[in-house]
Amino acid sequence: MNLERLRQLQPCLWTLPRAPGEERAQVLLYGSAPLLVSMDDKVLEQIANVASLPGLVGAAMTMPDAHWGYGFPIGGVAAFDAEQGGVISAGGVGFDISCGIRCLRSNLNLEDAVEHFPQLGKALFRAIPAGVGEEGEIKLNPEQLDQVMHGGAHWAVQQGYGTPADLDYVEEQGRVAGAIPENVSELAKKRQRGEMGTLGSGNHYLEVQVVDRIFDPGVALALGLHEGQILISIHCGSRGLGHQIGTDYLVLLAKAASRSGIHLPDRELACAPVKSPEGQQYIGAMNAAINCALANRQILTHLTRSVFTEIYPQAELETLFDVSHNTCKAETHQIDGESRLLYVHRKGATRAFGPGHPMLPERYRQVGQPVVIGGSMGTGSYILVGDSENPAFASSSHGAGRAMSRHQALARWKGRALVDELAQQGILIHTRSMRGVAEEAPGAYKDVDLVAEATEEAGLARRVAFLRPKVCVKG
DNA sequence: ATGTTC
C-alpha cells in the first residue's frame, strides 16, 4: 500500500481522503506505517467500497491485521443503522461464519508438561478430526442439527460436552438469539451432519501454548494467567454449514440489492437492507451458523480435555474465553451521545468490549473482554483485553493476518521442511496436509508482534500476555 | 474458509 494516498491522523490511525466527486463515508485504517506498507492496495479499494454502502454509521474501518478478502477486507469493521437503510452483507461476515478462537487455561506448567508433548501431540491428532471434509464421531439427524442451530454451546453442554461453567466465558454466554434453521438450505444442513467436533482446514488449528511473557500482571491475575502456564487455543468455525450459507446467500442478496436499487461497486459486496425480507432471512441463517460454531468449539473443548486427562491425570482445563471473529451482531453503541442499535459487521475482527461492559462475565467486568490475536504456528499469539476508549465499535484485530497469498506461499515453502524446521525450535506440528502447512508458513503472515503493538497503540485493546506455540494440530 | 474448480 502506498502511504502517500493516505493521511495520517495519529501514530496508528490513517484515513483515505475522498477523490473529487466521490460519495462515500469516511475510511479509517488502524495500524502502524510498516503494517500498512505491507498491505495490498486491494484493501483500500475494498474498504472504500464498503464506505459507499447505504446506512453506514461513522467510518468503514480496517484493523491492523487487514488483508484482501471476498468483497470486504478481512480485518474490516462496518456498522449500519437499519433505520437509515443500513444493510447486512454476507461478504461482510465471511464464508466461515463465526469462525473464532476458544482459549483454555490449564493448571499445568511447561516444566511439568514438556516431557509428554510428543505423546500429547499424537493423542490430540488422533482425537481431533482435522482437514477438508473430515468428519467426526458425531452424526446428527435433522432434528438434532436444528437443536444445534438453536442451542449453540448450550446444546453441546446438555449433550455432555463440557460443563455449564464454560458457558459463562463464551461470547453471548454460548448462544445467540434469532437463529432460524428454516432459513438454512438442506444442502448446508447435509454438509454439517458429520462435521460437528471437527477443526476444518486452512488456518484452523488446535495449539498447545505456553505463557511466555506477561505485559500487565494485574489483568493477567484477573484472567488467571501466569508465566510458564500451559494454554490451549482452538481456532475453527461453522465448517460446511457456514460455508454453504455464505454461498447460498451471496446469490440471494445480490438479487435483493438489485431489487432494492443498491448500487454495488463490487458484486462481491452483495447485501440487502436489514429491513428487507432477504436481509432478515440471512440474519436468521447467520445466527444459526453462529450457534453451530459455538457448539463446535464446545465439543472440541471436551475432546481436548479428554486427551489432556489421559496424558496428564492432574490436568484441569477451564475456558478462558471464546471469541468469534466473523459475525454481524446487533449492538447498542453511543453515537454522538445518542444510544443507537447498529448492525456491526466484523470480518476477521473480534469484538473487544472495554471494562465495565454489562455483557461481560462478572470475573472480567473490571478488566475488559479477553481478546485473542491468533498468530501463525511458528511465532505466537497474544491475549489482550478491550480498551475502554476503543474507537472502532468495540472491535480489535483477530490474528497476524496474511502477508502473502496461499499461492505465493506454496511457491516459496515446502511443508515437510517447515515441519522439520519448527521441530528444531521445539514446536511439534501434526497435520494431514503438508500443502496446508506450506500455505500457512509463518513467513506468509504479518509479524504478530507488530500487529499486537499497533492494536494497543491504536487504542483498540491492551496487551496482557504473549503465548508461544509448543504443539499444534493443523487443519 | 470450502465435499480446496459449477
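Letters A, B, ... are given to chains in the order of the sequence lines, protein chains preceding strands, and every chain is numbered from 1.
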Next on the checklist: Check this one for me: any side-chain N or O of A/S201 less than 4.0 Å away from OP1 or OP2 of B/dT2?
Outcome noted: yes
Item to check | Proximity of A/H398 and A/H235 rings by center, below 6.0 Å | outcome: no
Item to check | side chain to side chain donor-acceptor pair (under 3.5 Å) partners for A/D322, two or more places apart | outcome: A/R102, A/R297
Checklist entry - For the pair made of CE in A/M434 and P in B/dT4, what is the distance, rounded to whole Å? => result 21 Å
Checklist outcome for this item: Whole-Å distance, A/F95 CZ to B/dT5 C1', equals 14 Å
Checklist outcome for this item: Atom OH of A/Y249 and atom C1' of B/dT2 are separated, to the nearest Å, by 19 Å
Checklist entry - B/dT2 P sits how many Å from A/E440 CD, rounded? => result 11 Å
Next on the checklist: Does A/Q192 reach a base, just sugar-phosphate, or nothing at all? Heavy atoms under 4.0 Å.
Outcome noted: nothing
Next on the checklist: Expressed as a whole number of angstroms, how long is the span from A/E135:CD to B/dT2:P?
Outcome noted: 13 Å
Next on the checklist: If I take atom CG in residue A/L250 and atom P in nucleotide B/dC6, what distance separates them, rounded to the nearest angstrom?
Outcome noted: 15 Å
Item to check | Check ion pair A/E456-A/R462 (N to O, under 4.0 angstrom) | outcome: no
Next on the checklist: Atom CZ of residue position A/R435 - does it have more than 12 heavy atoms of other residues, nucleotides or ligands inside 6.0 Å?
Outcome noted: no
Checklist outcome for this item: note: A/L187, atom CG; B/dT2, atom P; distance rounded to Å ~ 15 Å
Checklist entry - Is any side-chain N or O of A/R239 closer than 4.0 Å to OP1 or OP2 of B/dT2? => result yes
Checklist entry - How do A/R435 and A/H243 order along DNA chain B: which one's closest nucleotide is nearer the 5' end? => result A/H243
Next on the checklist: On DNA chain B, compare the nucleotides closest to A/V132 and A/G202; which residue's is nearer the 5' end?
Outcome noted: A/G202
Checklist entry - Hey, does A/G200 reach any base, or is it just sugar-phosphate, or nothing, if we go heavy atoms under 4.0 Å? => result sugar-phosphate
Checklist outcome for this item: note: A/N326, atom CG; B/dT2, atom P; distance rounded to Å ~ 11 Å
Checklist entry - Counting only heavy atoms not in A/K139, do more than 12 sit closer than 6.0 Å to its NZ atom? => result yes
